[in-house]
Amino acid sequence: MTEILIVGAGPAGLTLAIDLAQRGVACRVVEATGERPVNPRCNTTSARSMEIFRRLGLADEIRRAGLPADYPTSIQYRTTLTGEEIFRIDLPSAHDVLAGEGREDWPTPEPQHRISQLYLEPILEQHARRLPGLTLERGTRLVELRQHNDHVEAVVETAGKQRTLRCAYVVGCDGAHSTVRRQLGIRYEGVDAIQRFVSTFVRSPELGRLAARDRAWTYWTYGRRIASLIAIDGEELWLNHVAFAPGHDTEGEDPEQLLRESVGEDVEHEVLGVVRWTGRRLVAQRYRAGRVFLAGDAAHIWIPVGGFGMNAGIQDAATLGWMLAAVHHGWAPPELLDAYEVERKPVGEQFAAAVGAQARTSFADVSPDIHLAGPEGERARAEFAGRLAVTEPRRYSPDGFSFGYHYARSPLVVGGEDPAEITMGDYQDCARPGFRLPHTWLDDGRPVFDVLGPGFTLLRGDPNAGVTPWTLAARDLGIPLTVVDLPGRYPAALLLVRPDQHVAWLGGADARPGDVLHTVTGRVPAHQV
């Protein structure tokens, strides 16, 4: 019997598989495509995703991949690549991040990293293939799901031959055209078309030489159309995204002409791939049906503003992973899994709205006067720069997305308040039930995340607070609990942190540990907590 079947070997599916395997849960990943696609797709791994990868032991390897270490991750806004500069956001290289300059002020030990999925996915897959208990099959597609009370039968096909896998649970991480979602009869809800795009992946050393005059990770250009020219390897590989109105037929658009408009002149290049696609804002009606779950693009599709879709899928995986492991190992009941949709679907809905709003402001009307010479053109560019200064920084430093999403309304959280809607750029850097534990550096130079246990962790901020009742209650319930002394770090005598690094409860010596632990693991508490 396969304990967990994961359909789809993208970032969400591979992250979930690695997390489960490291927690001692056997799992199988099936992926319909025999090889990874060549389209670079997402090009940013968020700070929160990097924290998750740090927990999985992958952050350093990921940070060494992608752009060259000394390549700036800056954003430039120009009339064309070879034309006039309008606005810029200067951001550090991976080398500067690893050197730790200013790290004492960071809200995280793992700032975001610019890396194409072309480089991220092989790292995840290679790591997954080395883990015991994890099987990965490429060229195997899901044909049918049959649910039963105590298991799921998954019919899969490899090289024309079908077989049936008996699974405890199935997770659909198989993207926007998810077979799992269709098998469940779950529809998307939202806006079906926000923008249309033509994305052209090219190899062009000449383009690299032009960019080397003033290097940036992304060049936004405003020729005949709005486009973003993205450095994939910092040298010869580039991705040219061009946006069109939602009703525009992109089939007649010439990728060669679109590249010429972005650059401002002809450059020698080789087209490696062209994708014509639609940016949407859709969230699945449900994230679960019986023993089958949805994660990643199978659960939500957002217009690609800042790579939020892929990173939200990695967050989905981090949440679902510990829950499935807890049920598998028997220290939480199956009812715990009801909280997955309760926690993740509101995050998907709120960020779908935020990302859609960001897209509308980012693709606002641009005056053609920015292309004029002389004072009139300078005035138009200055006016546009003023608007960009308001709308763009939050997109490229989206702290609210990384650190402000929460599960305050979750049945697994004790004392969670009803906070304001999640925003992309803002968050409160304080310990609150349901929120990610705020980062702090310890005296030995390690971040607090490095001392958290694989199960629940009780952080003791007051040396006089008794922890024996907690350890005894955890032992009686079979819940893995690590106790860590951190005097004065957080504004509470005790904080209980979940396996996914979110605060489950905070308080003092008057708590009833047994009731709290019952609640945070999905059991019905004996008394009011």
Side-chain angles (χ1 to χ4, degrees), residues 4 6 11-25 27 45-65 97-98 103 106-113 115 120-121 123-128 130-134 173 295-296 310-326 328-329 340 343-344 347 401-403 405-407 431 434-442 444-459 479-484 486 495-504 520:
I4 311 289
I6 299 168
L14 290 171
T15 300
L16 177 60
I18 292 168
D19 198 1
L20 287 170
Q22 291 190 359
R23 296 184 187 279
V25 182
C27 57
T45 304
S46 73
R48 182 62 187 137
S49 293
M50 290 302 294
E51 290 177 352
I52 292 167
F53 289 141
R54 183 187 185 99
R55 175 170 60 79
L56 299 176
L58 295 168
D60 288 346
E61 185 177 356
I62 290 171
R63 203 172 289 283
R64 288 193 296 268
V97 170
L98 289 171
R103 70 197 293 262
W106 293 352
T108 174
E110 295 289 349
Q112 64 186 353
H113 181 53
I115 177 174
L120 174 64
E121 287 189 14
I123 293 172
L124 298 179
E125 183 166 330
Q126 289 163 15
H127 189 74
R130 293 194 295 264
L131 291 173
L134 196 166
C173 300
M310 181 195 80
N311 289 289
I314 292 169
Q315 294 173 8
D316 293 340
T319 301
L320 185 57
W322 82 265
M323 292 180 176
L324 287 169
H328 169 79
H329 291 302
Y340 170 66
E343 293 186 353
R344 291 303 302 169
V347 174
F401 178 80
S402 280
F403 314 129
Y405 74 92
H406 62 82
Y407 311 135
F435 287 75
R436 156 196 169 270
L437 178 72
H439 157 65
T440 185
W441 294 107
L442 305 182
D444 60 6
R446 290 182 296 168
V448 66
F449 299 126
D450 286 4
V451 300
L452 301 180
F456 279 83
T457 302
L458 186 67
L459 299 180
I479 299 171
L481 179 69
T482 302
V483 177
V484 177
L486 288 179
L495 283 90
L496 185 64
V497 184
R498 305 189 333 176
D500 61 354
Q501 302 173 339
H502 281 251
V503 177
V520 301

Working to the nearest 0.5 angstrom, can you tell me the gap between [X] [atom1] and [Y] [atom2]?
X	Y	atom1	atom2	result
E110	T45	CD	OG1	11.0 Å
Y405	H502	OH	NE2	3.5 Å
M310	Q315	CE	CD	10.5 Å
I115	S49	CD1	OG	11.5 Å
L58	H127	CG	NE2	4.5 Å
L56	E61	CG	CD	12.5 Å

Report yes if some heavy atom in the side chain of [X] is under 4.5 Å from a heavy atom in the side chain of [Y]; otherwise report no.
X	Y	value
L481	L496	yes
D316	L16	no
L452	L437	yes
P480	F456	no
V25	I4	yes
I6	L20	yes
P438	F403	no

Please find the pair of heavy atoms, one from [X] and one from [Y], that lie closest to each other, and give the distance.
X	Y	value
D19	A317	OD2-O, 4.2 Å
E343	V347	O-CG2, 3.4 Å
R436	P107	NH2-O, 2.9 Å
S46	N311	N-OD1, 2.8 Å
A17	C27	O-SG, 3.7 Å
H328	G24	NE2-O, 3.9 Å

N/O donor-acceptor pair under 3.5 Å between [X] side chain and [Y] backbone:
X	Y	value
R63	P111	yes
D500	T319	no
H439	F449	no

* List the steps and the verdict of side chain to side chain contact (heavy atoms under 4.5 Å, CB included) for R498 and V520. => CA-CA 8 Å; R498 305 189 333 176; V520 301; 5.8 Å; no

* Pair R48 + E51, salt bridge at N-O below 4.0 Å ->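 Looking at E51 together with R48, the answer is yes, because their closest N to O distance falls below 4.0 Å.
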
* Can a salt bridge be assigned to the pair D450 and R54 using a cut-off of 4.0 Å between side-chain N and carboxylate O? ->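 The answer is yes: the pair qualifies as a salt bridge.
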
* Asked: Given F53 and L124, is the side chain to side chain contact (heavy atoms under 4.5 Å, CB included) satisfied, shown in steps?
  -> CA-CA 10 Å; F53 289 141; L124 298 179; 3.7 Å; yes

